[in-house]
Each structure stands twice: as C-alpha cells, then as structure tokens.
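Below: the structure, in structure tokens.
Quick caveat: nothing in here was measured; it's all calculated off a predicted structure. By convention in this document, chain letters (A, B, ...) are assigned in the order of the sequence lines, proteins followed by strands, and residues within each chain are numbered from 1.
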Amino acid sequence: MIRGYSRCPSRDGIAVYARMRQQLFLPGDYDAPFALKCCATLKALFEGEQIHADVLKLGFECNVFVQTALLDMYVKCSRIETAEQVFNNMRVKSVVSWTAMVAGYSKYGLLDKAKRLFHEMPIRNVVTWNALIDGQTRFGDMEAAQWYFNHMPQRNTVSWTIMISGYSKSGNVEKARMLFDRMNSREVVAWTVMISCYVENGEPGEVINFFREMLAADVKPDEVAMLALLSAAAQLRSMHLCSWVENCINACGFKSDIRILNAIISMYMECGSIERAFDVFQKIPNKDVISYNSMITGCAAHGDPSNVFHLFSLMTRANIQPNSITFIGILTACAHRGLVAEGMSYFKLMLDLGYVELKSEHYACMVDLLGRAGELDEAYKLITEMPLKAKASTWGALLGACRIHGNVKLAEMVARKLFEIEPENPGNYAVLANMYAEKRMWDEAAIVRSAMEKKKVFKTHGSSWTEEDYFNKAL
DNA sequence: ATCTAACATC
C-alpha cells in the first residue's frame with residue numbers, strides 16, 4: 001500500500017504508515033523507505049522527522065535503504081546539513097547513498113562539495129554523473145558541464161536532456177537544438193525543454209512548427225509540455241493560436257489540471273482578452289493562489305485596478321492567502337494609476353501580515369508610485385531604508401520620477417548610484433543628460449555625454465515584434 | 001526498495 005502511494009505523491013502513504021504504527025504492527029525493511037519517499041516528494045519534513053524517530057526506535061539505523069531514504073528526504077526538504085549528518089553516520093553506503101548526497105550538493109549549488117564527493121566515491125553510475133552535471137549547468141558553467149558530459153562512460157536520455165536545458169538557460173539556442181537533433185531517443189521531456197528554450201530565449205515563433213514536428217514524431221504531449229506550449233502562445237499574442245492550443249488541451253483531457261487552467265488565464269491576459277481569462281477563472285472549482293494571482297497580475301497590466309481590488313477581496317473571502325506575487329500585482333496596479341493612498345494601505349497590509357516575502361519589486365512599485373506623485377523625498381527614504389539591496393530598476397524608477405518633477409539635485413545622486421550598479425546601461429546616462437539639457441545646463445550635459453562615449457555605452461534602438469513577424473519567420 | 005531531466009503566477 002505504502003509503495004503504491006509513493007509512486008504518486010499523496011499524504012495517504014504517510015497516513016498508512018502512521019496507522020500501521022498506531023496499531024503496533026512492526027514494519028519490515030521496506031516500509032520506512034517508501035513512507036519516506038512520500039515525505040520527500042511532498043516536502044513533508046515534520047512527518048519525515050517522525051518516521052526518522054520511529055526508525056531509530058525500531059533499530060533500523062544500520063539499514064542502507066532506510067538511511068539512504070532518510071538522507072534523500074532531508075535533501076528534498078532543503079535540510080542539506082541534516083542530510084550530511086545522516087550520510088556521515090552511515091557505516092555502509094551504497095552507490096545510491098553517495099549519489100543522493102552528490103545530488104543534494106548539486107541542488108544547493110555546493111559544487112566543490114559535490115565534486116569532492118564525486119571523485120571520492122568508489123563507484124559511480126549514470127545517475128551520479130547526471131546529478132553532478134545538473135549542478136554544473138545550474139550553478140557552474142557549461143564548459144564544465146560539457147567536459148563531464150564528454151567524459152562520462154555512458155549517457156542516457158536524462159544526461160542529454162540536462163545538457164539541452166543547460167544550454168537553454170545560458171541562452172545558447174543553437175547549441176541546445178544541436179544536441180536535441182543528435183539525441184537518438186527523444187522523449188516528451190526533451191521536446192518540452194526545447195519548447196521552453198524557444199520561449200525563454202524570445203523565439204516563440206519557432207514553437208509552432210516544432211510542436212507539429214513533435215506530433216508527427218508520434219510523441220504524445222503531457223501536461224507539462226502543454227504548459228510550455230501555453231507560454232509560447234501567450235508570447236505570440238495570437239488569439240487564433242490561443243484558441244487552437246485550448247482546443248488541443250480539451251482534446252487531451254487536461255482541462256482538470258489546475259496548473260493548465262491557470263496558464264490559460266495568463267495566456268488570454270497576455271493576448272488582451274480579459275473576458276476569456278475571466279471566463280476560464282470563473283469555471284475553476286478549486287481556485288488556488290496562482291489562479292487569483294494570474295487574474296490580479298493580468299488586470300493590473302491592463303490598468304484595471306478596481307477589478308484587482310475586487311479579486312483581492314474575493315480571494316480573502318475564499319480564504320486563499322495572498323503571497324508576494326499577489327502584492328506585486330496589486331502595487332503594480334496602484335502605481336499604474338497613481339493610486340497613492342491605496343498603494344500605501346496595501347503595502348502596509350503586506351507588512352502587517354508578516355509572512356509575505358518582501359521582494360525588490362514591491363519597493364520598486366512603491367518608489368514609482370510615490371515618485372510619480374511628487375513625493376520624491378518619501379520615495380528616497382523608502383529606498384534607503386528598505387531591508388533588501390535596491391536593484392537598478394528600483395533606482396531607475398526614482399530617476400524617472402526625478403525627471404518628471406525636474407529635481408536635478410536628487411537625480412544626480414540617484415544617477416551616481418546607477419552608474420555604479422549598471423555602468424553599461426545607456427538609459428541612465430541619457431536620462432541625466434536630457435535633464436541637464438531641459439534645464440539648459442549645457443556643460444553638465446556635455447560631461448555626461450562624453451562620459452558615455454568614454455565608457456563606450458551607446459543607446460540601442462528599440463524594436464518590437466508583431467504576430468506576422470513570428471509567422472513569417474515560422475514559414 | 002533508496003538517487004538524475006521538463007512546466008504555470010514575478
């Protein structure tokens with residue numbers, strides 16, 4: 001029973017173990033590992049710790065399978081140090097134990113430790129290599145990843161997929177596609193990675209034909225592949241394509257997956273159809289925080305604060321806890337329309353709730369809101385007193401506000417900060433130079449312009465894409 | 001039996 005539950009994540013697996021123990025049945029060697037796997041996939045640290053205690057009481061502490069499952073449970077629950085302790089206390093270790101530890105270090109970017117263990121361990125299998133390479137692609141560099149990939153004794157589809165995903169994340173679409181074409185057995189995961197590669201690197205137009213190729217190759221899309229396709233349709237902003245994707249999803253029977261429905265909301269919002277997004281939203285029986293966030297973010301982007309506030313109150317009534325993204329949406333809506341009082345009160349509410357993770361975006365919205373309203377000193381105070389390091393975009397919002405209100409003195413201070421953080425951004429130099437010019441301070445304007453030339457930063461031209469551009473490229 | 005790859009709200 002427990003093993004069955006461990007195959008598809010569910011709290012019931014843990015419950016079966018607990019019931020067995022309540023009735024004082026003695027577990028065999030196989031029970032704890034599967035129950036711990038349930039805890040690992042669910043990130044149920046509390047339950048995992050209880051099973052850990054039970055395991056010690058029952059005297060399983062020397063069982064390699066039990067210990068390895070414990071170590072993996074701690075890794076999955078983000079307790080890398082506890083996992084390390086379990087690992088160090090193991091008298092007998094299997095290749096799986098070593099691999100789980102390498103995977104844990106890789107997952108948290110502890111590449112030196114991962115590498116040390118990798119070289120120290122007596123036997124390595126393909127999973128070990130993959131775990132190490134995955135860490136390299138995420139936290140190291142692609143050269144290192146490629147080196148290990150080239151040197152591993154055998155590769156499986158996971159190895160190839162990790163590499164494709166790595167090149168995608170580093171923006172190398174050509175290299176990713178090259179590896180994809182060289183793979184011999186392409187499963188749906190590899191296709192999905194390629195779809196997201198195009199989406200994340202701003203080439204959603206490539207996805208249409210690519211997806212057709214995938215269907216032609218007789219590879220059936222799953223929910224995750226559809227999610228990737230949905231973001232491509234969202235980027236393309238084509239209602240025609242959105243409808244087509246939605247029909248595909250209906251045909252596959254994925255309409256009960258909340259993640260899919262949430263992505264459909266965002267897709268229609270991106271395409272400018274609040275009505276269709278709202279329609280999908282209303283039909284979701286078990287709306288979660290992401291459903292509300294997608295609606296709030298979408299309405300905020302369309303400059304519709306009254307619906308944003310309405311959705312927030314609906315959300316509160318439905319007992320769904322707002323998170324940091326909810327507030328980014330609300331504050332964006334306020335900033336967009338210059339609703340200072342509302343913005344301040346939601347910002348205060350967020351601080352009062354206490355559990356919301358504060359992000360620089362929250363402060364950027366507030367600085368923008370206060371700055372545009374002419375409260376430059378308030379905005380400056382907020383930025384200097386914020387508990388996080390202000391990002392360039394936050395200072396940028398303040399610089400923009402200085403320009404609107406013609407405050408050269410503050411602008412100089414802010415611009416100096418920006419030149420430090422992002423010396424390569426031509427926009428900051430341009431704003432300051434234009435401000436001097438507006439005030440007829442020609443000498444100062446010239447100094448900024450020459451500083452710009454000296455640092456070899458030039459203003460780049462803006463460009464935009466239309467739906468036709470993408471289709472022409474696809475054809 | 002226990003370890004490795006993809007996705008949605010910013």
Side-chain angles (χ1 to χ4, degrees), chain A residues 2-3 6-7 28-37 40 63-73 75-76 93-104 106-107 124-135 137-138 155-166 168-169 187-197 199-200 221-232 234 254 257-267 269-270 288-298 300-301 322-329 331-332 357 359-362 364-365:
Chain A
I2 301 171
R3 179 185 188 175
S6 76
R7 288 168 62 89
D29 313 0
Y30 285 51
D31 295 302
F34 289 123
L36 286 165
K37 192 184 166 67
N63 182 307
V64 191
F65 293 104
V66 174
Q67 294 301 96
T68 307
L70 269 174
L71 138 58
D72 182 52
M73 183 274 294
V75 166
K76 299 264 158 71
K93 298 178 181 91
S94 71
V95 62
V96 179
S97 328
W98 288 90
T99 302
M101 203 62 234
V102 171
S106 281
K107 188 179 169 201
R124 289 165 281 267
N125 63 22
V126 63
V127 181
T128 325
W129 284 86
N130 288 346
L132 186 75
I133 293 174
D134 192 43
T137 66
R138 282 172 208 273
R155 290 171 272 273
N156 62 15
T157 47
V158 178
S159 328
W160 286 86
T161 311
I162 290 169
M163 290 300 291
I164 295 170
S165 168
S168 166
K169 279 185 216 104
E187 294 167 11
V188 65
V189 181
W191 289 88
T192 307
V193 172
M194 259 332 282
I195 294 175
S196 334
C197 175
V199 173
E200 276 155 26
D222 61 4
E223 286 90 337
V224 182
M226 281 304 182
L227 286 168
L229 187 65
L230 281 165
S231 41
F254 294 150
D257 188 321
I258 181 100
R259 298 172 307 169
I260 295 267
L261 292 165
N262 292 342
I264 294 175
I265 293 176
S266 307
M267 177 183 74
M269 281 296 190
E270 284 287 323
D288 63 6
V289 62
I290 299 180
S291 320
Y292 285 95
N293 285 352
S294 304
M295 287 299 293
I296 288 174
T297 307
N323 62 18
S324 67
I325 293 167
T326 316
F327 283 100
I328 293 174
L331 298 178
T332 308
E357 190 200 344
K359 295 195 174 194
S360 70
E361 284 91 337
H362 298 123
C365 285

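- Judged by ring centres under 5.5 Å apart and planes tilted less than 30 degrees, A:Y30 stacks against the six-membered base ring of B:dA1.
- In this structure, CG of A:L36 is placed 16 Å from P of B:dA1, rounded to the nearest angstrom.
- A:N262 meets the side-chain hydrogen bond (donor to acceptor under 3.5 Å, both in side chains) test with A:D288, A:S291; sequence neighbours excluded.
- Evaluation of the salt bridge (charged side-chain N to carboxylate O under 4.0 Å, His left out) rule for A:E361 yields no partner, not counting sequence neighbours.
- Evaluation of the ring pair (Phe, Tyr, Trp, His ring centres under 6.0 Å) rule for A:F34 yields no partner, not counting sequence neighbours.
- With sequence neighbours left out, A:W129 forms a ring pair (Phe, Tyr, Trp, His ring centres under 6.0 Å) with A:F118.
- Take A:R259 and apply the side-chain hydrogen bond (donor to acceptor under 3.5 Å, both in side chains) test, not counting sequence neighbours, and it matches A:D257.
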Assign a letter to each nucleotide of nucleotides 3-10 of chain B from its 5' end: B, base within under 4.0 Å of a protein heavy atom; S, sugar-phosphate only; -, no contact.
BBBBBBBB
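- Across all strands shown, A:F65 has heavy atoms under 4.0 Å from base atoms, whether or not it also approaches the sugar-phosphate.
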